[in-house]
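Below, read A as the first sequence line, B as the second, and so on, with proteins coming before strands; counting in each chain starts at 1.
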Amino acid sequence: MATLSHYLLLSALLFSLGLTAVLIRRNAILVLVGIELMLNAANLNFIAFWRHSPNPGDLSGYMFVLFSIAVAAAEAAVGLALIIAVYRHFRTTDIQKISKLKG
Amino acid sequence: MTFSFAIIAFITLIGAVGALAFRQIVHSVLCLAITFTGVAMLYLQLGAQFLGFAQFLVYIGAVTILILFAVLLTKNTGPTISGQVYSASWVSGVGVGVSVFVCLAWAILRTPQLDRLAAEETNSTVKAIGLSLMSDYVIPLEVIALLLTAAMVGAIVIAMNETSTQTTMQGANHEKGLK
């Protein structure tokens, strides 16, 4: 049987992979992908703690993840719209080349 | 550690590594879908059925497709030159990622209270969730509805053509004059 620490370790690994993706990728879309990975790791932590809590009738952790998924969807929509707007302006999504505030 | 947990964890992590490492953006995004599937299966294994299917619908059905559309709308220059897809300082990036994982794993492994099994029963039927959403969490629900509307309008305004925004501002008469 998988214990709580197994889920937490998996979630920590997922978070680290997302953080690495944010740090090493040059494409802005893949930076957003890394942020989504980190959000999923946090959600997994919430659900694991909710399931292993001594009071499972309390739905706080569950509700937090439900709202977090909605916020993540809004964040992805706005983030991709920003990337497309930046792409129209600079003709690139390489975040190392997008370095001017007023181009 | 059960066998099913090991398989699901393996799928999730393989997808995450693929999303991190593939040189083609489209391959990375498809690997992201695999990771989302793995996380949805973990939710199902943890007894959160509604959330698992919400994860399937929202993440795999909507977010991945949205990211794929963004990939299609931006010019994919492709990994022609070696090393161009990764940042020049990727070694330190990987170092930061590894050290974050080591810190988290150290904290998790030295906490003995975390080594416990799940509760026998949970109260996560759709009925209980719906009642909870309509009683205790009704204000967050309304706020999230407002946020989603604002995000949709904001995404449309941001991604609108710069020229079409200008013509909308200048008005119809001026547009006729330009023609």
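Using the six-membered ring where Trp is involved, A:H52 and A:Y7 have ring planes that are tilted, between 30° and 60° apart. Relative ring orientation between A:W50 and A:Y62 is described as perpendicular, the plane-to-plane angle rising above 60° on a 0-90° scale split at 30° and 60°.
In this structure, B:F53 CZ and B:Y43 OH are separated by 14.0 Å, a value rounded to the nearest 0.5 Å. The distance from the CG atom of A:L9 to the CG atom of B:L109 is 5.0 Å, given to the nearest 0.5 Å.
Residue contact with chain B, scored on non-hydrogen atoms closer than 4.5 Å, involves the side chain of A:L19 exclusively. For B:F22, the part lying under 4.5 angstrom from a heavy atom of chain A is the backbone only. Of the two parts of A:V86, neither the backbone nor the side chain holds a non-hydrogen atom closer than 4.5 Å to a non-hydrogen atom of chain B. Heavy atoms of A:S60 lying under 4.5 Å from chain B belong to its backbone as well as its side chain. Only the side chain of A:L30 comes within less than 4.5 Å of a heavy atom of chain B; its backbone N, CA, C and O stay farther away. Heavy atoms closer than 4.5 Å to chain B are found in the side chain of A:F49, but not in its backbone. If you measure heavy-atom distances from A:I29 to chain B, the contacts under 4.5 Å come from the side chain alone.
Residue B:L72 places its CG atom among more than 12 non-hydrogen atoms of other residues, nucleotides or ligands, all under 6.0 Å distant. Residue B:F50 places its CZ atom among 12 or fewer non-hydrogen atoms of other residues, nucleotides or ligands, all under 6.0 Å distant.
Counting only heavy atoms from C-beta outward, the side chains of A:F46 and A:S68 never approach each other to under 4.5 Å. Contact check for B:V39 versus A:L14: side-chain heavy atoms found under the 4.5 Å cut-off.
Looking only at heavy-atom pairs under 4.5 Å with chain B, the residue among A:E36, A:R91, A:Q96 that has the most is A:E36. Among A:L66, A:T93, A:I83, the residue making the largest number of heavy-atom pairs under 4.5 Å with chain B is A:L66. Interface summary for chain A: among B:G97, B:A19, B:A62, the most heavy-atom pairs under 4.5 angstrom belong to B:G97. Contact tally against chain A (heavy-atom pairs below 4.5 Å) for B:A105, B:S99, B:S132, B:G154: the top residue is B:S132. With chain A as partner, the option from B:I158, B:L73, B:L46, B:L20 having the largest number of non-hydrogen pairs under 4.5 angstrom is B:L46. If you tally non-hydrogen atom pairs under 4.5 Å between each of A:L10, A:I84, A:V78 and chain B, the highest count goes to A:L10. Ranked by heavy-atom pairs under 4.5 Å with chain A, the list B:A128, B:A9, B:A150, B:A48 is led by B:A48.
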